[in-house]
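Numbers restart at 1 for each chain; the letters A, B, ... are given by sequence-line order, proteins then strands.
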Amino acid sequence: MGNNKIYQPIQILLNQRLDYKKFHRILSSMKNEMDLDTMTRIVDELSRRIPAYKKFIYGELFPAEAPNMGGLQDLFFKPKNVEKEIGLQIIAIRNNKELIKRFVIYKREFEHSFLIGDYEKATYILTKVKEVLGISIWYYESKFLLLEYQDKSDEKLELLSNINQQIGENHPGFVTTLLHFISHRTERNLSAYKYDYDLTSYFRKNRTDYQKDNCDYSLFKLNFFKNYSIDNLEIVFTFENTNSLVDRYLILIQVLQSLSIGDKEQNLVSRKALYLYERIEDDIFIPLFATNFLNKVPLSFYNKNYLQIVDCYYAGDYLSVVENCKEFIKHDSSCFDVLVFYCRSLIALRMSYSHLTDNVDALINQIGQKVYSSLTNEQDIANILFNLYQKNKNINSFRLAYGLEYYINVEENKRQSVKLKLLSLCHFDPLYAKIFTDDKSEIFLRKGLEYFQNSVSVRQHLRRLLREVTPEGDVSDYIREIDNAKIQFFNEDYDESLKQWQSIYNKYIDVKPIAQIALQYAFECMSKKGEYLKAIKYYVDNYIKKEVNVAKIDVASFMQTLKNIKYKNIRRCIELPIFVGLNAGDDADKSFILQSFCDVYNKTKPSELFEDLLDEDEKKIECFYSVIYKEDTLRHLIYINSTLENLRESQRIAKYLVDLNTVNKGAYQKQLDIVSNELIVYEGSQKLDESKIFANDQAIISYELKDIDGLYNRFKSILKLTISGSVLCVIQGNSYKLVNFDDETKKKDPGVKFTDNALLEVFYSIFDLVRDKFLNSKYGIVAYLSTRIRHGVLEGELRPEIDKWNLILNLQNDKYVPTNYWKIKYGIDDRTNDFINKELTEFSRGVDNLLYSFIKEKLQIKESKIHSDGLFNYDVSEDELMNWAYEIGNSTNDYQECCTYIINRLWIITNNNLEIIRKYVDTQVTDEFNQLFNALRVRLSKSIDDKDFPDIFTAINSASTIINHRLRKIEGWFKISGPTLDDFDLERLLNLVWDNICKCYPKVNVELQFECVKNIMIKGIFLIHFTDLFRIFLDNIFKYAAAESSGKKLCSIDCKLINDEILKCTFENRAPKTIVFNEEIKTMPDDLAFLTEGKSGVSKANKIVKYDLDNYSNSINIVVREDKFIVEVEINISKLLVDETNINN
Amino acid sequence: MKQILIIEDNPQKLDKLKAFLDVEYPEIKIVERLSYNSATKEIVLNNSIYDLVLLDMSMQTYDVSEEEMGGDPEPLAGAKILRQMYLRDIEVKVVVMTMYESFVDGTRLKQLDENLQKEYQGIYCGYIFFSHQNTKWQKELKDYINKLL
């Protein structure tokens, strides 16, 4: 196109003068219509002729202060083509290439200084960045990170607040929203999984297609590793163009990476990456263009020092690896694999972790240490990986993060594209050959050999590629052995491969990464051969030996195979239920296998197998029962037919596990205690309870609110600042900016709202989360409300009752179908029949509307938009929330305590709501029903004489009466239900605990003499404490009491009331020979270590009587008199009694 | 004599179903089970005597009694029962009868129907939306029974 062809478009743009909106509308339209080359020339020419247009075209490239960020105006046009958008970004970068080149150097230096813990230098670099390039999202992110790691999170929050105040609500762009999330992402103790979840739900909430672009951009920008595969990448630039050129440059790299990972526009990506590399010299582009332009890869990429590390590792020269890595890290900390080579070499040398750099607290050391632990530890792996995940979220924008992200996913046995990691490689690495899907792999490796002729690693990768057997001596033994075994595997010689894998496993059983890969392939060989049972046994055997070694086995695919064949032709041996219990997602599968395993022994329940399994390996028996116990499989067994049976079966299994006396005994004992308590509470509670409102708050705290400690810590930090008088300005609620494309007419809603009450904001986040789980999780109120009341149950309680009296009509195609009941039964004429049906239609509509309104509008959680009339109202005023915030901030030490506090408050609110609902049923619903019946009666009586046709009026009266009864019943549903801690009778509780303990020791013969004061009603909140207390002493009798010559153990319990307030319980039995006291009577001191040696639990009992029962004068005395062992417990029960109790009445 | 097993924990719905079947199909014997647990047991142990199962989707774990509160609600108990049947090669035809448009895990009824069609071909025949307000379910049920029995 000649100059004359760009003349006209330029003239059109010039005609718009300095009208930004018009100018942009036309520019955007041209951009979508014209080819990139023409467009480039137009914007170049325009910027040259009239410099003022530069800002119009490119926006603020290097903003000096926060208010300059965010773009010029709130106007967005939708782009159509990713190539053109990339092209236009490149023009802006090209025109400022020297500055961007400096940025690349600054960024690299900042990341390195930060990682090695040189925060002073990192701070200096940021100062230089600000001077030279102005500010950017990247700048603030780096600043946040630095402050956080310098233990200045208060300053970080103040900086965020300061930016918000400067920018204000009405500013265009997305700066405040982005920084809000980035400030979270840079928290050291970030709730990382919650961050992922929150981000998605925040932007996807109530999302329409229209808001999709907004959401895609935000997720791409703020959580790249989780959201890099969005399909409309061009949209990203529209949003990012409001930020600085630095930010645009960084997102351009991510867009190119995203396209490359998705195998889209590979040629385009390579061309653009090469173009950019030639101008900016940022080596991040090399992996992006090396696929197509290998010859253009610069010499500097073939880094001798890096490849030396790889080569030494392959050759098994681990000492050199360790030394070289330390040296390498001094200058370059961006290659994650250096950490892996370092840690693996330490492991090969059987050395413990030593720090990579002098600053032991440096993040690179922390990451290295965690990587080492993840490779060596046998337990707590999930926590270690979570910790790495948290750290990686902090350094999400670092080059190191790509490799670390991939590493975490591999260690967690999750599928992840290796390309993401390969695209971040800093130097030539033979591993990069994996990026090619064709014979270019070989070309790439041979190219490497041109530079590094003697490279062990490159040669080995070539062998792998060509499937050549590795001879001895060239590489380390384990690499050779693994590579050779893989060749057999890929050649489908599974027998030979299996032999080799087993040999590798036996040789390297203590080297976790090698053992894991050996087991993974050995298992796969068996699976490929169709030897499913053998594979299962192999898995279970090794799981028991060393659980961590089976972590990389692809059990998901194998489980699918088993499911597909419905577990047919797989012998029901003990390994099968263990394997399925550990790996099947579906409870039905687990119970099916367990049941069929029991069938083999002609037994119905797992506890009946205790005798049958004696021949099995004890560790397998333990594993079998612990898996069943943990996995909640029992609930699905067909021969366990009630909650009580379930609890009893659980108790039997827990007791059995305790008696196995293994290293896990302590954990099993805890489970046994928990299930025993549950059993006692369940046995002691009222079953025929009409209450239907319930939420399993313990499960909510345990399963749904696990990952909020980061949020809790933020709350504590803000509380501290608030108390010290700081006023922080933060984003309010879930507000964020929404973009209206191509729309310059409407008044813009800034979307973002600020508040200066940061404490309320952060506390509300916690409260909102806990409330959401309390209401809407699978353990929450809504699940129960839905099943027990809303879906048909309530309607079924009322409508059929009216139907029985033939007063309500059925709906068909939205019309009420007339009834002929009255006509047939009483022979009335057609006219009267029509009249009756007309009135019944009116009545039926009234009843259905009433039920609809009650169920669909009133029995809902109140939400302003969809259920504004909901009677379950969990709105809490800001004042009240602030009170809670201070109270919780001052009285809780961790997030669990905080959640418990909030849930307790939510129960109080629930109780209030239920009272309102009961009143609503009692008044409103009842009245409306009465009015409907009355209206029907009145209308009918206008044409029908009560004396001529009394039956229909009798029916109305009867139906009205029964509905009133039913409404009273329904009212009773709206109470909190479940085996709650009802007030209890002391004697009954002692009996229950006694019965329960007897069941735990079926072979111990104990004879009890029991006397107990009558009618002592203790408040329900103390039930668990009394249960625990009694269980401790009764358990000790069964365990330790000496038996008579007959084998029988004699004991007595005597509970008396002294002075109307002291409960004295005396437990007496024959003293075990092992207890020797110097004095005849010994009073229990506070420190009961001498008794805890015998694991008697007396220390716990002492804590219960003094602290849990809230009276320090309560006591436990242990007395040994002659051969009697006597425990005397004295408890002041005056404050524990139910108010109405009339003692000894 | 043909037999239908009704798995349903809501007494009013159960009464309506039975009343309808009594009138329309007096020759068919009806057996009822009221919870996930008792229904699974019946299906596993006595499936051969049934010609059709009318299956509710959400129900309590255990039969309610003086000693039993019913246990936790099992929102997709019906799907679990179908899975137990599939694993055991139990081939009695099943029609789901539900009052839910969507389930606790967020699955819509249509989606659930598609999933069940895919997973339990040959057993699962379809679903009927039950309502106390209308009798549309009666026609649909009649169609299924006439087709399947």
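By the neighbour-count criterion of 12 heavy atoms within 6.0 Å, atom CD of B/E27 is densely surrounded, having more than that number from other residues, nucleotides or ligands. Atom CG of A/N602 sits in a sparse spot, with 12 or fewer heavy atoms from other residues, nucleotides or ligands closer than 6.0 Å. Counting heavy-atom neighbours within 6.0 Å of B/K136 NZ, excluding the residue itself, gives a total of 12 or less.
Counting heavy-atom pairs under 4.5 Å between each of A/D803, A/D589, A/V817 and chain B puts A/D589 at the top. Contact count versus chain A (heavy atoms, under 4.5 Å) is highest, among B/D15, B/T135, B/N37, B/V44, for B/N37. Comparing A/I808, A/N646, A/I640 by heavy-atom pairs within less than 4.5 Å of chain B, the highest count is held by A/I640.
Heavy atoms of A/E797 lying under 4.5 Å from chain B belong to its backbone as well as its side chain. When heavy atoms are compared at a cutoff of 4.5 Å, B/I81 does not approach chain A at all. With a threshold of 4.5 angstrom between heavy atoms, B/K13 does not approach chain A through any atom at all. Using a 4.5 Å cut-off between heavy atoms, B/T61 contacts chain A through its side chain alone, with no backbone atom that close. At a 4.5 Å heavy-atom cutoff, the contact between A/L637 and chain B is made by backbone atoms alone. Proximity to chain A (any heavy atom under 4.5 Å) is shown, for B/F130, by neither the backbone nor the side chain. Residue A/R635 touches chain B through both its backbone and its side chain, counting heavy-atom pairs closer than 4.5 Å. No part of B/E42 comes within reach of chain A, as not one of its non-hydrogen atoms sits under 4.5 angstrom from that chain. Using a 4.5 Å cut-off between heavy atoms, B/K139 does not touch chain A at all.
The closest side-chain donor-acceptor pair between B/N134 and A/N810, if any, does not fall under 3.5 angstrom. When only modelled atom types and interatomic distance are considered, A/S591 and B/Q84 share a side-chain donor-acceptor pair under 3.5 Å.
Listed by sequence position, A/K563, A/N564, A/K566, A/Y567, A/K568 are the residues of residues 560-568 of chain A in contact with chain B, using a 4.5 angstrom heavy-atom cutoff. Heavy-atom proximity under 4.5 angstrom to chain B picks out A/D848 from residues 840-852 of chain A. Residues of residues 87-96 of chain B lying under 4.5 angstrom from chain A, judged on non-hydrogen atoms, are B/L87, B/R88, B/D89 by number.
Judged by distance alone, the side chain of B/Q12 and the main-chain N or O of A/P800 form no donor-acceptor pair under 3.5 Å. At distances below 3.5 Å, at least one donor-acceptor pair connects side-chain atoms of A/R799 with backbone N or O atoms of B/H132.
Listed by chain and number, the residues in a side-chain hydrogen bond (donor to acceptor under 3.5 Å, both in side chains) with B/K18 are B/E32 (sequence neighbours excluded).
Atom CD of B/E68 and atom CG of A/L644 lie 8.0 Å apart (nearest 0.5 Å).
Taking 4.5 Å as the limit, some side-chain heavy atom of B/E74 sits within range of a side-chain heavy atom of A/H636. With a 4.5 Å cut-off on side-chain heavy atoms, A/E645 and B/Y62 do not count as touching.
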Going through the checks in order, is the side-chain contact (heavy atoms from CB on, under 4.5 Å) test met by A/Y639 and B/L45?
-> CA-CA 11 Å; A/Y639 294 107; B/L45 300 181; 3.3 Å; yes
Criterion side-chain contact (heavy atoms from CB on, under 4.5 Å) on B/D63 and A/N641, from CA distance to verdict = CA-CA 8 Å; B/D63 287 352; A/N641 302 130; over 6 Å; no
